[in-house]
Engineer: 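Pasting a structure here, questions to come.
When a ligand or atom number is given, it counts from 1 through the structure's own listing order.
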Amino acid sequence: MPEIVRRLEAIRRSLADHRLIVVSNREPYLHRRENGAVVVERPAGGLVAALDPVMQAVSGTWIAWGAGDADFDVTDREGRIRVPPANGAYILRRVHLPPSLVRAYYYGYANQALWPLCHMAMDKARFRRAHWRAYGEANRLFAEAALAEVEGRPSPERQPIVWLQDYHLATCPRHLREARPELFLMHFWHIPWPAWDIFRICPQRAELLDGLLANDLVGFQRPRHAENFLDCAARELGARVDLDEGTVEYNGRLISTGAFPISVDFAALDAVARSPECEEWMGRLRRRYGLDARKLIVGVDRLDYTKGLIERLRALELFLRTRRASRGRVVFVQKTAPSRTQIRAYRELQDAVEIQIRHINEKFGTPEWQPVIYLPRPMPPAAIAALYRLADVCVVSSLQDGMNLVAKEFIASQIDGRGVLLLSELAGAGRELSWAVAINPFDREGFARAIQRAVAMPAAARRERMQHLRAYVAEHDIYDWMMQLMETATRLLAARVSTRWLADHAEAVRRRITERPPVLLLDFDGTLAPIVSEPALAEMPERVAGELQWMLDAGVPVAIVSGRRLDDLRNRVGLAGVIYVGNQGLEMAGPDFAWVHPEANEARPRIAAFCRRIRRRLRDLPGVLVEDKGLTAAVHYRNLARARVEDVRVAVLEEVEGLPAGALVVHQGKQHLEVRPGVVWDKGRAVLALLRRLADKEWPSRVCPIYIGDDRTDEDAFRVLRDDGVTIKVGHTPYATEAQYLAQDVDEVSRFLQLIPRWLHAPRVHPASGSASDH
Ligand code: GDG
């Protein structure tokens, strides 16, 4: 089986029974009029070209703006047509957008507000109310078309995957979610997501975040973009974010984010570079530009101010000025594709590039040699491949870039392995392709030196670098990218299918609780008390205290099981009669007993010494909080800059490793590291010990423990009570949980606690006791 067929088959399998519905601004096929006849065109572009075979293989549906002037002459009344024309393998549903809407939505908000905002080009950003309204309207139209393609009410196993593309469609998911709450929505954001200090400039920031958070999964090119997005969601919307898991809770839903660096169709580009057509173009270009005697530097870009063309030309000018020997010996070919020319900033850039090129050619050119060749007209793929193959150096100098596909296209076309890639460290690709020569386009001297270094690099070093780069891109190609995304989507869908929401299973829970007298075992933070930014600020809600008091009065044992110190817990909860279990179960105290784990008790001095040392070591890191809890310690980093978290991890691990083996152990908590004595003990063992104390060894037949918690440390308790109790995890969980049921949040826990007295007091109805219908 050819490789590509195998890859497509793997993607089809990973989708299982889920139909794929793609929504993008650009369409994969465009119909237009030419001399009175209708012709079909395939708009150029990596993503569209790569998605098309996938859509053919899975027979999905693609929703896109019908941009061709004959687009709606060939569709049915709904704007649908089967494509490709040869075999009609999938449905393309075109969205009609009036030209005035396109101007304001696409050339307006998308490309004059969002594009510059996300690329930190604030001098170019224009936030116009009319553009924003048009953006909202276009997004609504895309959503309407997508909804029309979702037929019936599919079961969770057959739920379609709606996959939205890019910054044109940020508010579309919100419309979809409102109309069909059960849909699985994922979004890929192709451009950078800026840091909060940039993003907050945008007047529509809340609506944009709210729109994107209607998705189930939001993919970015780089981890940093995902982190920035989470940070913006937390700051603007107050959403609860878990940076370790890459998740955000918003409006009662859990949204996952992740980095999925996009790539190219390596095999297809490699094949074009090997084609006879490419060889012909190579011959032609070689003769035209005298390349047998000259080194070739190549740039291929959409004409966009983010690609650093002016910076590149300035560096080239400096290179030619300072390296006199290079004059006449190198030629720089700049291939460009004009883009978004309706926008003034783009027209100005085009003029500036042309002026700069003319300037260099006039300054350094001779009758025999023109230093810069400018190619603004379209060329076929074989010609671009020929440029890449001939290039001694390819320059990618983005000032900001989500990924940059040119860098990877160059690598895939370099079948002779002789070219050097000069790659901006500010492009997403720069973080991935470490065998390229890194440049900073803002550092003109460094850039010029890098050009020199690349031109002069010995053949063996070039080959070595290119081999590594080719191996990397061949493995991490566009199909691999799609597989990663689809596998993540289907994993999330599978977790959703197996999620048992407490609210959906109230009857089963009621039956269990009324069979045997309940014992309540409750975590505190995030279960009874809402999570707050500082552990010291957590408070017991009054309503919950009232509910617990009712239980105690009715003789239901209540234990609060927490990672906090016992006395801290007691002060915060403040209810007499409650059993307090502190320090992850290492200490307990009830109305008539008190207990401390003996070995842990002996380790107290070690914990105190650890706290002293780590405080001293981390005193220069603002935002770190070391909590000495007597039997254990916690190092909180919730308020620390993300980039420094690793320093905390290293410091804590080093301190612990410096002690006798196993003396102290480190556990990962929510935004903190927990340091405990090396004894085999956890919340699970603690609740078992407690249950034996309350109802002896026979407890499973005597009581029904109800355990509610929100943390990973509660998993041990969920596990040991799985068969003999009711276990409830609070909050959406990105990892597999041992709990039987899920509760949305603290409020649902409180509502559940209110139900228990009603259940316990309800008169028992015996089936045989008779009712009105008996007669
Ligand atoms: C966005 C993100 C991300 C360019 N000039 C010519 C030409 N091109 C083709 C290239 C390449 C494409 O255009 C440009 O792709 P990039 O990735 O460089 O950039 P954007 O268009 O800004 O795309 C970017 C991408 O989405 C995918 O997620 O990588 O970061 O900004 O395919 O080959 N093609 C031809 N002549 C040209 O002169 N034929």
Engineer: Apply the side-chain hydrogen bond (donor to acceptor under 3.5 Å, both in side chains) test between Q204 and each candidate in Y109, Y135, W132; give the one that qualifies.
Structural biologist: Y109

Engineer: Can an N or O of N404 be found at a distance shorter than 3.5 Å from an N or O of ligand 1?
Structural biologist: yes

Engineer: Which atoms from ligand 1 have a heavy atom of A337 less than 4.0 Å away?
Structural biologist: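 Result: 5 (N), 6 (C), 37 (C), 38 (O).
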
Engineer: Ligand 1 and I262, any nitrogen or oxygen pair closer than 3.5 angstrom?
Structural biologist: no

Engineer: Regarding D69 and R32, does a basic nitrogen lie under 4.0 Å from an acidic carboxylate oxygen?
Structural biologist: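 Salt bridge: no.
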
Engineer: Would you call the rings of Y106 and W65 parallel, tilted or perpendicular, where under 30° means parallel and over 60° means perpendicular?
Structural biologist: tilted

Engineer: Any idea which atoms of ligand 1 are less than 4.0 Å away from a heavy-atom of Q221?
Structural biologist: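 Close to Q221: 3 (C), 28 (O).
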
Engineer: Could you tell me if S339 and R302 have a donor-acceptor pair between their side chains, going purely by distance under 3.5 Å?
Structural biologist: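 Yes, a side-chain donor-acceptor pair sits under 3.5 Å.
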
Engineer: Report the part of F260 in contact with ligand 1, treating N, CA, C, O as backbone and CB onward as side chain, heavy atoms under 4.0 Å; options are side chain, backbone, both, neither.
Structural biologist: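 Within the 4.0 Å criterion, F260 makes no contact with ligand 1.
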
Engineer: On a heavy-atom basis, I'd like to know which of V48, L375, D301, L405 is closest to atom 17 (O) of ligand 1.
Structural biologist: L405

Engineer: List every atom of ligand 1 that sits less than 4.0 Å from any heavy atom of G402, numbering the atoms from 1 in the order shown and giving each element.
Structural biologist: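 Reading through ligand 1 atom by atom, the close ones are 30 (O).
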
Engineer: Below 6.0 angstrom between ring centroids: does that apply to Y105 and H131?
Structural biologist: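 No, too far apart.
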
Engineer: Counting each atom of ligand 1 from 1 as listed, which ones have a heavy atom of R302 under 4.0 Å away?
Structural biologist: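 Answer, ordered by atom number: 4 (C), 5 (N), 20 (P), 21 (O), 22 (O).
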
Engineer: Between ligand 1 and W481, can you find any atom pair, the residue atom being a heavy atom, that is separated by under 4.0 Å?
Structural biologist: no

Engineer: Between H476 and Y472 (judged by ring centroids, cut-off 6.0 Å), do the two rings come close enough to count as a pair?
Structural biologist: yes

Engineer: Any atoms of ligand 1 less than 4.0 Å from a non-hydrogen atom of T336? List them with their elements.
Structural biologist: 38 (O)

Engineer: Closest by any non-hydrogen atom to atom 20 (P) of ligand 1: pick that one out of K307, H190, E409, Q165.
Structural biologist: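 Shortest heavy-atom distance from atom 20 (P) of ligand 1: K307.
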
Engineer: May I ask you to decide if the ring planes of F220 and W193 are parallel, tilted or perpendicular, using 30° and 60° as cut-offs?
Structural biologist: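 Aromatic pair F220/W193 classed perpendicular.
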
Engineer: Verify whether the ring centers belonging to Y29 and H31 lie closer than 6.0 Å.
Structural biologist: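 No; H31 has its ring centre 6.0 Å or more from that of Y29.
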
Engineer: Would you indicate which of L269, I384, V264 comes nearest to atom 36 (N) of ligand 1 when only heavy atoms are counted?
Structural biologist: I384

